[in-house]
Amino acid sequence: LVDSKLPPGNGKQTEKVEVNGKEYWATQDVKEGIEEFEKVAKANELLKAYLTMQGAVKYGMTVLSPVTHVRNFLSGIQTTMMLGNYNIFADKGGAFKTIYQDMIGSTKAEHVAKMKRYVELGIINTSIDVGEMKALAEDLQKIGDEDYKSAKSVKQALKPITKMYQNEDNFWKIVNFESEVAKYKSVYAKQNPNLTTEEIQKLAEEKAGSIVRSTMPNYDMIPKFFKELRKFPLTGGSFIAFPLEIIRNTYNTLKLAKEELSHKDTRLIGIRRVAGITLAANSVGLAGMALGSLVPSMFAEVGDDEEKRIRELLPDYAKNGLLIFTHLDKGRTGYFDLASIDPLSIMKKPIGTFLRGENWEKATKDALGELLAPIATEPVLTSPLFDLLVRGGKNSEGEVIFTETDSALQKMQSSVEYILNKNSPGFVKFATNVIKGAKNEVNAHGRVYSLQSELAPLAVGTRYEEYDIGKLFQQ
């Protein structure tokens with residue numbers, strides 16, 4: 001390169017090229033190389049911007065959502081039940097103590113050693129959502145994010161709530177780990193009478209760690225292909241990790257139970273495991289039936305035809321849900337969607353075939369096929385753009401965002417409001433709906449907002465919505 005203020009160098013440097021705001025003489029080859037490099041740099045900037053926004057939106061929908069925290073913790077109950085570990089106090093409250101000490105940043109030697117052992121075995125700090133946030137940070141560093149250091153202050157400010165979300169997952173993994181250790185210590189002691197107590201403990205811990213890694217959601221176990229899907233703006237791979245793990249976990253739990261039943265030393269563990277699988281597979285439905293029996297006046301008897309009609313008019317996310325309808329005054333009804341707190345919903349068919357002694361391996365493959373469908377859908381960040389540009393101002397549920405008769409300014413205002421609402425953090429949406437509930441608002445589709453309906457998810461971790469039957473049927 002030769003400064004453009006000077007004469008061209010050897011006669012070959014006849015092309016002008018700009019580098020960092022300054023012009024130079026360069027050969028044709030050098031110029032083309034610099035231009036190609038700039039194209040790559042611009043592509044990296046676009047990728048960086050997309051990954052940052054995608055990660056921020058997902059973080060807001062999960063870690064920054066009060067309801068998701070409740071759901072995140074409660075979903076661990078069903079997973080624990082499925083493993084046949086019913087007593088969360090089997091370790092005398094050790095899991096509660098460990099999580100509490102971690103939240104306050106304890107530096108006690110015993111606590112630090114225990115956490116180190118858990119990490120070595122790969123059973124904690126493997127939450128799906130938090131794992132994806134860490135992967136995003138690594139991606140930004142790889143593509144040269146100059147603002148990464150400045151973002152550390154934001155990361156530090158969000159650290160407590162991120163740690164809380166992580167520990168909601170860690171708690172159940174510790175509970176199950178300690179339960180499995182207790183089971184297999186007696187098995188290994190019987191099989192290896194010449195081993196020391198310490199050697200038996202190590203064997204049991206390694207077995208328990210293997211069970212927890214294979215039967216509970218773990219970001220480290222997700223195939224690289226599915227991890228990489230979150231980077232592609234035209235695929236819906238953002239939320240596929242968790243259901244993918246549920247399929248792997250359920251398959252491994254069924255396989256483990258079958259193996260345990262086939263050996264006399266572990267047969268009792270296997271029987272308990274099968275009982276847990278049976279209970280977990282039916283727990284959500286049983287909970288709904290129990291709730292209906294305890295407070296029958298609260299729940300409505302909806303006929304098949306009426307329920308079918310109501311489901312057709314409900315948003316897409318609720319059409320095929322496990323709905324329990326409530327009876328309200330003034331021509332209104334509400335529903336709890338229990339499917340949203342049932343992590344095993346996609347695996348009900350494989351579990352059923354296992355319990356009937358049929359081909360559960362094939363049923364698991366079928367469930368995996370159903371799971372892959374969301375990859376072809378719009379991702380969370382860009383789905384509002386599909387609604388505005390492709391669907392012409394309507395979302396996938398048919399809700400009108402703007403009409404053809406609206407002015408250009410009105411369309412722009414409606415579009416901006418829609419994008420902000422769709423991608424706003426969970427706590428903002430929650431607060432907005434609570435305010436609507438306080439005002440008893442009713443939208444154009446018959447959705448009724450009340451304090452009861454908007455605060456209920458904080459108690460049960462599942463969506464509860466109310467509708468005006470008259471307006472619903474007018475659609």
Side-chain angles (χ1 to χ4, degrees), residues 62-63 66 68-131 133-134 156 158-189 196-220 249 269 272-273 276 280 283 341 343 458-461:
T62 53
V63 182
T68 306
H69 276 271
V70 177
R71 188 178 301 155
N72 186 39
F73 182 75
L74 293 181
S75 64
I77 296 175
Q78 200 170 13
T79 310
T80 300
M81 189 186 302
M82 187 168 178
L83 285 171
N85 298 323
Y86 317 120
N87 184 6
I88 65 174
F89 298 102
D91 64 343
K92 299 179 181 178
F96 287 99
K97 183 180 179 182
T98 300
I99 295 302
Y100 170 73
Q101 289 181 333
D102 188 54
M103 287 301 299
I104 64 174
S106 174
T107 56
K108 292 181 180 179
E110 182 183 358
H111 171 71
V112 172
K114 183 178 285 189
M115 293 297 284
K116 183 181 178 181
R117 181 61 173 154
Y118 289 153
V119 171
E120 286 174 353
L121 291 167
I123 65 166
I124 64 168
N125 300 338
T126 56
S127 165
I128 301 296
D129 295 314
V130 176
M133 296 306 108
K134 290 179 180 177
Q156 194 65 27
L158 295 173
K159 188 175 180 180
I161 194 166
T162 304
K163 179 179 273 193
M164 182 185 296
Y165 195 89
Q166 181 78 272
N167 277 330
E168 291 157 8
D169 180 72
N170 286 344
F171 172 79
W172 294 109
K173 288 177 178 174
I174 293 172
V175 165
N176 283 288
F177 172 78
E178 297 296 348
S179 295
E180 297 300 331
V181 168
K183 292 176 191 175
Y184 274 89
K185 274 172 67 175
S186 59
V187 172
Y188 289 137
T196 65
T197 302
E198 290 75 17
E199 289 171 329
I200 294 294
Q201 178 72 23
K202 185 178 180 181
L203 281 175
E205 286 183 358
E206 289 173 353
K207 177 65 175 179
S210 174
I211 290 174
V212 170
R213 289 194 305 273
S214 65
T215 61
M216 300 191 75
N218 187 320
Y219 183 76
D220 295 339
N249 300 154
I269 297 176
R272 183 173 176 177
R273 196 90 66 194
S283 60
I341 57 169
L458 286 181
V460 295

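The figures here come from the full heavy-atom set of this structure, side chains too, leaving out hydrogens, waters and symmetry mates. None of the values given here were measured: they were computed from a predicted structure.
- Residues Ile161 and His69 are in side-chain contact: their nearest non-hydrogen atoms beyond the backbone lie under 4.5 Å apart.
- Taking NZ of Lys114 as the reference point, atom OG of Ser106 lies at 11.0 Å (rounded to 0.5 Å).
- Looking at heavy atoms from C-beta onward, Asn85 lies in side-chain contact with Lys183 at the 4.5 angstrom threshold.
- A salt bridge does not link Glu205 with Lys202: none of the charged nitrogens is closer than 4.0 Å to a carboxylate oxygen.
- Smallest separation of non-hydrogen atoms from Ala204 and Tyr184: CB-C, 4.2 Å.
- Salt-bridge annotation for Arg117 and Glu120: present, with a side-chain N of the basic residue lying under 4.0 Å from a carboxylate O of the acidic one.
- Atoms CD1 and CG, on Ile174 and Asp169 in that order, are 10.0 Å from each other to the nearest 0.5 Å.
- Using cut-offs of 30° and 60° for the angle between ring planes, the Tyr118 and Phe177 rings count as perpendicular.
- To the nearest 0.5 Å, atom CG of residue Asn125 and atom CG of residue Asn167 are 7.5 Å apart.
- Side-chain contact check for Val63 versus Gln166: every heavy-atom pair is 4.5 Å or farther apart.
- Atoms CD1 and CG, from Ile211 and Leu121 in turn, are 12.0 Å apart once rounded to the nearest 0.5 Å.
- Inter-residue side-chain proximity for Met103 and Lys163 is flagged as met; some heavy-atom pair is nearer than 4.5 Å.
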| said: Is there a salt bridge (charged side-chain N to carboxylate O under 4.0 Å, His left out) between Glu168 and Arg71? Walk through the geometry before answering. | reply: CA-CA 10 Å; Glu168 291 157 8; Arg71 188 178 301 155; over 6 Å; no
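- Lys207 places no side-chain N or O within 3.5 Å of a backbone atom of Glu180 that could act as its donor or acceptor partner.
- For Val181 against Ala208, the heavy-atom pair with the smallest separation is CG2-CB, 3.5 Å.
- The two residues Ala95 and Val175 come nearest to each other via the heavy atoms CB-CG2, 3.6 Å.
- In Tyr86, the OH atom is crowded: over 12 heavy atoms of neighbouring residues, nucleotides or ligands sit closer than 6.0 Å.
- Contact detail for Arg272 and Gly84: the closest heavy-atom pair is NE-O, 2.6 Å.
- Taken from CG in Asn176 to OG1 in Thr80, the straight-line distance is 4.0 Å, to the nearest 0.5 Å.
- Put simply, the side chain of Ser210 never gets that close to the backbone of Glu206: no donor and acceptor are under 3.5 Å apart.
- Side-chain contact check for Thr98 versus Phe171: every heavy-atom pair is 4.5 Å or farther apart.
- Residues Gln101 and Glu110 form no side-chain contact, since every pair of their non-hydrogen atoms from C-beta on lies 4.5 Å or further apart.
- Distance check, rounded to the nearest 0.5 Å: OH of Tyr165 to CG of Asn170 gives 12.5 Å.
- The minimum heavy-atom distance between Leu83 and Met216, with the atom names listed, is CD1-CG, 4.3 Å.
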| message | Between Thr79 and Asn249, does the side-chain contact (heavy atoms from CB on, under 4.5 Å) criterion hold? Intermediate values first, please. | response | CA-CA 9 Å; Thr79 310; Asn249 300 154; 5.8 Å; no
